[in-house]
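One structure is given here, and the rest of the page talks about it.
To find a chain, count down the sequence lines: A is the first, B the second, and so on, and within it residues start at 1. Computed over heavy atoms, backbone and side chain alike; hydrogens, waters and symmetry mates excluded.
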2 protein chains.
Amino acid sequence: MLNELRRALPAGRVLTDPDILAAYAHDEALWAPHDLPLAVVRAHTAEEIQQTMQVCLRHRTPIVPRGAGTGLSGGANAVAGGIVLSTERMTAIREIDTGERLAVVEPGVVNETLRSACAEHGLWYPPDPASAPWSTIGGNVATNAGGLCCVKYGVTRDYVLGMEVVTGTGELVRLGRRTAKGVAGYDLTGLMVGSEGTLGVVTEVTVRLRGARAGERTVAGYFPSLSAAGDAVAAVAASGVVPSALELIDRHTLAEVDAWKNMGLSAEAEAVLLGRTDAPGEDEAQVLANCFAEAGATWAAVSSDADEAEALFAARRLAYPALERLGPVLTEDVCVPRAAVPEMLRRIENIGARHEVRIANVAHAGDGNLHPVLVVPADERERAQAAFEAILDEAISLGGTVTGEHGVGLLKRGGLTRELSPAVLAMHAAVKQALDPHGILNPGKVIASCVPSS
Amino acid sequence: MLNELRRALPAGRVLTDPDILAAYAHDEALWAPHDLPLAVVRAHTAEEIQQTMQVCLRHRTPIVPRGAGTGLSGGANAVAGGIVLSTERMTAIREIDTGERLAVVEPGVVNETLRSACAEHGLWYPPDPASAPWSTIGGNVATNAGGLCCVKYGVTRDYVLGMEVVTGTGELVRLGRRTAKGVAGYDLTGLMVGSEGTLGVVTEVTVRLRGARAGERTVAGYFPSLSAAGDAVAAVAASGVVPSALELIDRHTLAEVDAWKNMGLSAEAEAVLLGRTDAPGEDEAQVLANCFAEAGATWAAVSSDADEAEALFAARRLAYPALERLGPVLTEDVCVPRAAVPEMLRRIENIGARHEVRIANVAHAGDGNLHPVLVVPADERERAQAAFEAILDEAISLGGTVTGEHGVGLLKRGGLTRELSPAVLAMHAAVKQALDPHGILNPGKVIASCVPSS
C-alpha cells in the first residue's frame with residue numbers, strides 16, 4: 001500500500017519517519033485513544049487527495065483527515081493500520097470576491113490568515129474559535145467550529161456556501177453554490193460541515209463573508225456568585241440586545257491567570273462577565289451594563305479604554321494556558337439553553353465536589369456554551385472521567401447537548417449515544433454507510449459502530 | 001390498504017371523495033405532471049402520521065406530504081396509487097420562548113400566523129415567502145423557503161434548530177436541538193430542510209426567532225433600462241450596505257399591475273427597484289438612494305410616506321395575480337451571483353424574443369434570485385417549455401443555480417441533472433436510499449431516478 005501511495009504521489013508527500021508519525025498521531029484531546037499511523041500524507045492538491053483516497057480504497061486503508069491538529073475531541077486521532085491525511089500544506093486563498101462577499105480557500109488556510117486577508121478588503125469572516133491563530137478552515141469545517149462572536153453571528157456552517165470534496169468513493173466533486181441562495185438538491189454541503197472527516201475530505205471551501213464592523217464596545221461585570229453571573233446572562237437574553245460576545249470566566253480561572261501573569265484581575269469576584277457589542281452608539285453597551293448591575297454585579301461598567309478592554313479579553317484567551325500550568329486539562333463543551341446556564345454552573349460545581357475534581361469554568365455564556373475545564377493529574381484520571389461523563393448527563397437533562405462546538409470525535413461518542421435516540425443513531429449510520437460505503441473515512445469517530453468493512 | 005388505513009386512524013382522517021382527491025392532486029406549478037391519489041389523509045397528530053407511514057410501508061404505498069399546496073415546482077403533486085398526507089390540520093403553536101428566542105410549532109401553522117404570534121412577544125420569524133399568508137411552516141421547511149428579507153436575514157434553513165420527523169422506516173424521532181449551538185452528530189435537521197418530503201415527514205419544527213425590528217425605510221428608484229437597474233443592484237452590493245429587501249419589478253409587470261389596479265406606477269420606467277433598510281438612522285437609506293441615482297435612475301428617493309412605501313410593495317405583491325390575468329403563468333426561480341444580475345436579465349430578454357414567449361420579471365434582486373414569469377396560453381406551451389429550460393441553462397452558465405427558493409419538485413429535475421455532476425447526483429441517490437430505503441417518500445420528486453421499490 002505505501003509503495004503504491006508513493007508511486008501515485010509526488011516525492012516527499014508520504015512520510016513515515018517515526019517522529020513525524022508520533023507528532024501526527026493525535027490532536028489536543030486528553031485521553032482520547034490513538035495509534036501510530038502507517039504513514040502521514042501531506043497533500044498539496046485536491047488531485048493528490050483523490051489519488052490517496054483511491055489507493056486507500058483499493059486497500060481498504062483507513063484515512064484520518066487532519067487540519068492543524070488543534071481539535072479537542074480526538075477527531076483527528078490516528079487509527080492503527082491507517083494513514084493521516086494532512087491538508088496543512090494547502091494554504092492558498094484562491095479568491096476574495098468583494099461584490100459577492102465570498103472567499104474561496106484551500107483547507108489548510110489558517111483561520112486568522114483568512115480573517116486578515118478579508119480585512120484588507122473591508123470584509124469579515126466571523127467564526128473565531130479560540131484556536132483561530134493555528135486552526136485551519138478545513139478543520140473548522142470538519143468540526144463546525146464556533147467561537148466568541150457566534151452568539152450574534154453564527155458558526156462555521158452558517159458561512160459555508162459550497163465546497164469541493166473527495167468522496168468516500170474516490171470522486172472529486174463540487175457541492176453547494178456561489179449564489180446567495182439555492183435549493184438545488186439536498187444540503188450535502190451542510191451535511192459535510194461538522195461531519196469530522198467521516199463523510200468526505202474537503203479540498204476547497206467557499207465561504208460567505210460580511211462587511212467589516214465598526215469597533216466594539218466592551219462591558220465588564222464582576223459578580224459575587226456564579227448564579228448572579230448566570231442571572232445576568234438571562235437578563236441580557238431577555239433585554240433583546242444580542243451582544244457580539246458574552247463570555248464568563250470564573251474565580252478559579254481568574255486566579256490562575258493572575259498567578260501566571262499578575263494582571264490584577266481576580267479581586268473578590270466569583271465570576272467575571274465580559275460582554276461586547278458592535279451596534280452603533282452607546283445604547284446596547286449601557287443595556288448590558290444595566291443587566292449586569294441589576295443581576296447583582298459588585299462592579300459593572302462600559303470600558304472607556306480600548307487597552308483595558310483588550311486586557312480583559314486577553315485574560316479570557318489566557319485561561320487555558322494558565323490552567324494547563326496546573327496539570328493536564330480536559331476541556332468540556334456542553335451547551336444548554338441560556339436560561340439553564342446558572343443551574344448548569346451549579347451542577348458542575350457539585351460534580352467537581354462529588355468527584356473531587358478541580359473544575360474551572362470559562363464559557364461562551366451568551367449562547368449557553370460552557371467550557372468547564374477539568375484539571376486532572378495522571379492519578380486522578382478515573383475520577384475526572386466520571387466527572388466528565390456526569391457533566392454530559394447533566395447537560396442532556398437540562399435540554400442541552402454534549403457538544404456545542406468541539407465535535408464528538410472520540411471523547412463524546414458515549415455522550416452522543418445518550419443524547420440521541422437509537423433510531424437517530426441508526427440514521428447516522430445509514431448516512432455514513434451511504435457516503436462512505438467502505439468505511440475508510442475516519443472510522444470510529446462520531447459513531448462508534450461505524451468501522452471499516454471490506 | 002385503505003381499509004387498514006381507516007382502521008389505524010380516527011374517523012374522518014381518510015378522504016376519498018373525488019372532488020377532494022382532485023383538489024389535493026397538485027400544487028400551483030403549471031404543467032407539472034400529477035395523478036389522482038388513492039386517498040388524502042388529513043393527520044391531526046404525529047402519531048397519526050406515524051400510523052399512516054407504517055401502513056404505507058407495509059403496502060409499499062407512496063406518500064406525498066403536503067402543506068398548503070402553494071408550491072411552485074410540483075413537489076406536492078400526487079402519485080398514482082399513492083396517498084397525499086396533509087399536515088394542514090396540525091396548526092398548534094406549542095411554545096414561544098422569549099428567553100431562548102425560539103418557537104415550537106406544528107407543521108400546519110401558516111407562516112403569517114406564526115409571524116403574528118411572535119410579534120405579540122416582540123419577536124420575529126424572518127422567512128417571508130410571497131405565499132406567507134397561506135403557506136405553512138411544514139411546506140416552508142420542505143422547500144427551504146426564502147422571501148423578501150432573506151437578502152439580509154437568510155432563509156428557512158437558517159432558522160430551523162430542530163424538528164420531529166417520521167422517518168422512512170416509520171420511526172418518530174427528534175433531530176437537532178433547542179440550544180443556540182450544537183454539533184452532536186450529523187446535521188440531519190439541515191438535511192431534512194429543503195428535501196421536499198423525500199427523506200421524512202416533519203411533524204414538529206423548532207425555529208429560532210429574532211427580536212422585532214424597528215421600522216424599515218423604503219427607497220424607490222425608476223430606471224430607464226433593466227441593465228441600469230442591474231447596475232444599481234451591483235452598486236448596492238459594493239456599497240457595503242445590506243438592505244433588508246431589494247426587489248426588482250420590470251415594465252411588463254408594472255403595466256399589468258397598473259392595468260388591473262390603476263396605481264399609476266408604470267410611468268416611463270423599464271424597471272423599478274424597491275429597497276428597504278431596517279438599520280437605525282437615515283444613512284443606509286441614503287446610500288441606497290445614491291446607488292440608484294449613480295446607476296442612472298431617472299428618479300430615486302427615500303420614501304417619507306409610509307403609505308406610499310406600502311403601496312410600492314403592494315405592487316410587488318400584486319405582480320403574480322396581475323400577470324395571471326393574461327393567462328396561465330409559469331414562475332422561474334433561478335439564482336445567479338449578484339454581479340451577473342444585469343447579464344442574466346439581458347439573456348432572459350433574449351430568450352423571450354427567441355422563443356416568442358412573453359416574459360415579465362420580478363426579482364429578489366439583492367440576492368440574485370430572479371423570478372421571470374412566463375405568460376403562456378395553452379397553445380404556446382411547447383415554446384414556453386423550451387424558454388423555461390433555456391433560462392435554467394443560462395443561469396447555470398453564469399455560475400448560478402436552477403432554483404433559489406422554490407425547490408426542484410418535478411419541474412427542475414432536468415435542470416438539476418444539468419447543474420449537478422453525475423457523482424453528486426449519485427450522492428443524492430445514496431442519501432435517499434439510506435433514509436427512505438423502501439422509496440415511498442414522495443417518489444420521483446427532486447431526483448428522477450428514485451422510484452418506489454419493494
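- Only the side chain of B/Val242 comes within contact range of chain A, with heavy atoms under 4.5 Å apart.
- With a 4.5 angstrom heavy-atom cutoff, A/Ala184 touches chain B via backbone and side-chain atoms both.
- Considering only heavy-atom pairs separated by less than 4.5 Å from chain A, the leading option among B/Val336, B/Val155, B/Val402, B/Val165 is B/Val336.
- When each of A/Arg157, A/Arg174, A/Glu419 is scored by its heavy-atom pairs under 4.5 Å with chain B, the top score falls to A/Arg157.
- Contact count versus chain A (heavy atoms, under 4.5 Å) is highest, among B/Val334, B/Asn369, B/Val446, for B/Asn369.
- Between B/Leu188 and A/His428 the shortest side-chain heavy-atom distance falls below 4.5 Å.
- Residue A/Leu102 does not touch chain B at all, counting heavy-atom pairs closer than 4.5 Å.
- Heavy atoms of B/His364 lying under 4.5 Å from chain A belong exclusively to its side chain.
- With a threshold of 4.5 angstrom between heavy atoms, B/Thr189 does not approach chain A through any atom at all.
- Two residues are said to be in side-chain contact when any heavy atoms from C-beta on lie closer than 4.5 Å; B/Arg413 and B/Val408 meet this criterion.
- Using a 4.5 Å cut-off between heavy atoms, A/Val431 contacts chain B through both its backbone and its side chain.
- For a residue to count as touching a neighbouring chain, one of its non-hydrogen atoms must lie under 4.5 Å from one of that chain's; by this rule B/Glu100 touches chain A with backbone and side chain alike.
- For A/Thr167, the part lying near chain B is the side chain, with the backbone staying farther off; criterion is any non-hydrogen pair under 4.5 Å.
- Using a 4.5 Å cut-off between heavy atoms, B/Ala238 makes no contact with chain A at all.
- Only the side chain of B/Glu171 comes within less than 4.5 Å of a heavy atom in chain A; its backbone stays farther off.
- Only the side chain of B/Leu199 comes within contact range of chain A, with heavy atoms under 4.5 Å apart.
- Put simply, the side chain of B/His406 does not reach to within 4.5 Å of the side chain of B/Leu411, judged on heavy atoms.
- A/Lys432 contributes a side-chain N or O that, together with a main-chain N or O of A/Thr198, makes up a donor-acceptor pair within less than 3.5 Å.
- A heavy-atom distance below 4.5 Å is found between the side chains of B/Asp278 and B/Lys152.
- Between chain A and the options B/Val193, B/Thr169, B/Thr403, the largest number of non-hydrogen pairs under 4.5 Å is found for B/Thr403.
- Heavy atoms closer than 4.5 Å to chain B are found in both the backbone and the side chain of A/Arg338.
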